[in-house]
2 protein chains.
Amino acid sequence: MNAVKRKGSRTTVASKPDIRTVAALAKVSIATVSRTINASPAVSEKLAQRVWQAIEQLNYFPNTHARSLVSGRSRILGIIVENITNPFFPELIASFEEIAVAHGYEILVSSTNNDAQLLTNCVRRMLERKVEGVAVLTFGGEEPVLDQLAIHNMPIVLAEFHLDDPSVSTILLDYSAGIHEAVRHLVELGHTRIGFLAGPHVLHSALTRREAFEQTMHEVDLRVHKNWIIECDHTLKGGVTGFEKLMALPSRPTALICSNDMTAIGVLRAAYMANLRVPEDLSVIGLDDIDFAEFTLPPLTTIRLSRHELAKAAFDALRLQAEKSSSAESMIQREFLVSTSLVVRGSTAAPAAEKSASKSKTSLRD
Amino acid sequence: MNAVKRKGSRTTVASKPDIRTVAALAKVSIATVSRTINASPAVSEKLAQRVWQAIEQLNYFPNTHARSLVSGRSRILGIIVENITNPFFPELIASFEEIAVAHGYEILVSSTNNDAQLLTNCVRRMLERKVEGVAVLTFGGEEPVLDQLAIHNMPIVLAEFHLDDPSVSTILLDYSAGIHEAVRHLVELGHTRIGFLAGPHVLHSALTRREAFEQTMHEVDLRVHKNWIIECDHTLKGGVTGFEKLMALPSRPTALICSNDMTAIGVLRAAYMANLRVPEDLSVIGLDDIDFAEFTLPPLTTIRLSRHELAKAAFDALRLQAEKSSSAESMIQREFLVSTSLVVRGSTAAPAAEKSASKSKTSLRD
DNA sequence: CTGAAAGCGCTAACAC
DNA sequence: GTGTTAGCGCTTTCAG
């Protein structure tokens, strides 16, 4: 009926079937069509079949905007990450998307690059699109803007940060387990001089990782050399710079744990440039286990943080929040734990003789 | 007015301001509010100011779903990539998003992993969300499903593939330029025995790259050894396998150009494991120049393909299509060119003496 | 220049 | 079970 007034319709298919078109073809009311689509149990087998048939025949699919408008539910989930350029995040997003799509949700991705302006902007966009929940996986530093979301009563899931709001869930990353394994591994290899290349301290995760390291060192009775803990920025370049700072020190560690894989890969590169052999002269361990880690030279020993587990936790948290009946509101799970574990590859080995970590100068204990 | 019937409203802000709420506060009609928001010139300074003030005061923003429903325009662009796990794509997506957001568009990302089922599904999702255009940057192999989009008269931009439909634009990647430079570079270094690790032939881009290679070789009068052209799959692992196949050959090239950086990085890894030194024993060149390329061991010489240029071309193409006045329909630009160029780093050098590329056996010319 | 009113395509009461 | 109908929040004629 409405096939006439199209303007540029060249060989286009009989323009955009409507819920009405379907109803007409199936000889039912639009309400029945709607019910059928939404799998309402209150539709008889017989009609349902007629409807589905009409739907297929017309190649019809519902207009999500109309749906969202009337139902108030968009079936869109937001995910905000720090930097889509760090391979950890694409892998995380891919997992999140897969899970979301499987459950009939769409996702809206945004990366903030730690820029407050961008964050504000993307929170606004999420609000405008009426997302049903937002996973904030930037790992820290964005509390101020979160209020904007919380105030709209939007379900949120945060990594590593607890916000005392009923619509906010938290994912805790259990770094201790993996870092403990890593230190143990190093100790068993014979290392006692272990350094740590931290992430930017504005990130909760970076701080947590660093603390887990120090804690573990104490537990195994190893000395933590403050100047062997260097704040980097979780990028490749940062790893290079961190390594260089370390080399400038009069006394150096024989092993290095890095706050993420990107840093570790930067170190690998810098060590190579400095003619230091990994792992013979220096053992290095990363954190994340991005796909690349297996392909570095040498293959990177690293602490694995499962993107899939993390994505799943985020999705579950959001869904629980979004679909909670207002009655059982306070009963839902609001805290999720994701574990870590060591993956041993080629970038760790027993330290060489005493002067191992130094190229030419003698290494002094400080 | 409508602030009462909220259910769980705890400390929530005076629930969701409406266009009506704004109109009431500003003492104008909702039509005026709408016009103001949409920057219609037909609103007097005075009223516009009152409206904006009301908007700010209420922290109001329009409901995009309602907007899309009535206007038929969603301000969403779709982007379909092959594999979000290859760093080339996140970098591409980030650029595309940045441009799109700057122009007030939202983006819907999907990766297909070369899975036809996934592709169909995501085309459907895009259609459901009423995207205004789709950038299909999977680089080949998805023609069948594209019809589904074309039939809906949806603006599409394709990489490397020409579809004879008025709503389809094409981005041509000028690989020849970069590959030419690469081969020249190798020749100047003294190489004559050059191999090529191709991408999967189902991808147009892979085929085009390979052809550009062969073409260039002919141009510089170098022999193309068919068995030095090996089909890989554009992954790290694929690079390793490709390299191994090459090593099994009785005669080997002294330099290798790879269809993408991932392959090249795989080769770097495999060469290391095989005790072959890069670049002394084997020069290798990648294609893409992903961020990682600068941080491999040794730093990768590669043919740069600007993600930003590509993203911009895709966006422009889509926007031209989407915003074309039906009159000037046939006048718009439908073809875009993105160039490539060589970035020389550390993975290329002059070949060693004659037996260079062989580890222990003598290398025979075939 | 401004306002009133008619829907956009769909869901969710509410009747039958 | 099924159909009728009243909007969801907004844009857009059409009058004034």
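No hydrogens, no waters, no symmetry mates; every other heavy atom, side chains included, goes into these values. Naming: A, B, ... by sequence-line order, numbering from 1 per chain.
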CG of A:Asn63 versus P of C:dG7: gap in Å, rounded?
18 Å
Figure out the CZ/C1' separation between B:Arg73 and D:dC10, and round it to whole Å.
15 Å
Backbone N/O of B:Ser40 and side chain of B:Asn38: donor-acceptor pair under 3.5 Å:
no
Rounded to whole angstroms, how far apart are CD on B:Glu128 and C1' on C:dG9?
14 Å
Could you give me the CA-CA distance, side-chain angles and deciding distance for A:Glu106 and A:Arg67, then say whether salt bridge (charged side-chain N to carboxylate O under 4.0 Å, His left out) is met?
CA-CA 14 Å; A:Glu106 205 55 66; A:Arg67 252 215 247 233; over 6 Å; no
Across the strands shown, which category fits B:Ile37 at heavy-atom distances under 4.0 angstrom: base, sugar-phosphate, nothing?
nothing
Sugar-phosphate only, base, or nothing, as touched by B:Ser44 at under 4.0 Å among non-hydrogen atoms
sugar-phosphate
Whole-Å distance, A:Ile19 CD1 to C:dA12 P, equals 11 Å
Whole Å only: how far is the CG atom of B:Asn38 from the C1' atom of D:dG9?
13 Å
What does B:Val33 touch in the nucleic acid at a heavy-atom separation under 4.0 angstrom: a base, only the sugar-phosphate, or nothing?
nothing
In whole angstroms, how far is the C1' atom of C:dA5 from the CD1 atom of B:Ile30?
9 Å
Taking atom CD of B:Glu309 and atom CD1 of B:Ile171, what is their separation to the nearest 0.5 Å?
10.5 Å
Taking the nucleotide of DNA chain D with the closest heavy atom to each, which residue, A:Ala31 or A:Ala42, is nearer the 5' end?
A:Ala42
From the set D:dT11, C:dG9, D:dC10, return the single nucleotide nearest to any side-chain atom of B:Arg20.
D:dC10
Can you measure B:Arg67 atom CZ to C:dG7 atom P for me and round it to whole angstrom units?
22 Å
Which of C:dG7, D:dT2, D:dC14 is nearest the side chain of B:Arg35? It is D:dC14
Nearest-nucleotide 5' precedence on DNA chain C, B:Ala66 against B:Val43
B:Val43
For B:Leu47 and for A:Pro62, locate the closest nucleotide of DNA chain C by heavy-atom distance; then report the residue assigned to the nucleotide nearer the 5' terminus.
B:Leu47
Please state whether the phosphate of C:dG3, meaning OP1 or OP2, lies under 4.0 angstrom from any side-chain nitrogen or oxygen of B:Thr32.
yes
Out of C:dT2, D:dG9, D:dT11, which has the shortest distance to the side chain of B:Ser34?
D:dT11
With a cut-off of 3.5 Å and sequence neighbours excluded, list every side-chain donor-acceptor pair involving residues 75-83 of chain A.
unit_1, atom_1, unit_2, atom_2, d
A:Arg75, NE, A:Gly104, O, 3.0
A:Arg75, NH2, A:His103, O, 2.8
A:Asn83, OD1, A:Thr85, N, 2.9

Between NZ of B:Lys27 and P of C:dT2 the distance, given in whole Å, is 16 Å
Does a sphere of radius 6.0 Å around CD in B:Gln333 hold more than 12 heavy atoms from other residues, nucleotides or ligands, not counting ones at 6.0 Å or beyond?
yes
Heavy atoms from C-beta onward define the side chain here; which of D:dC10, C:dC8, C:dC10 lies closest to that of B:Leu69?
C:dC8
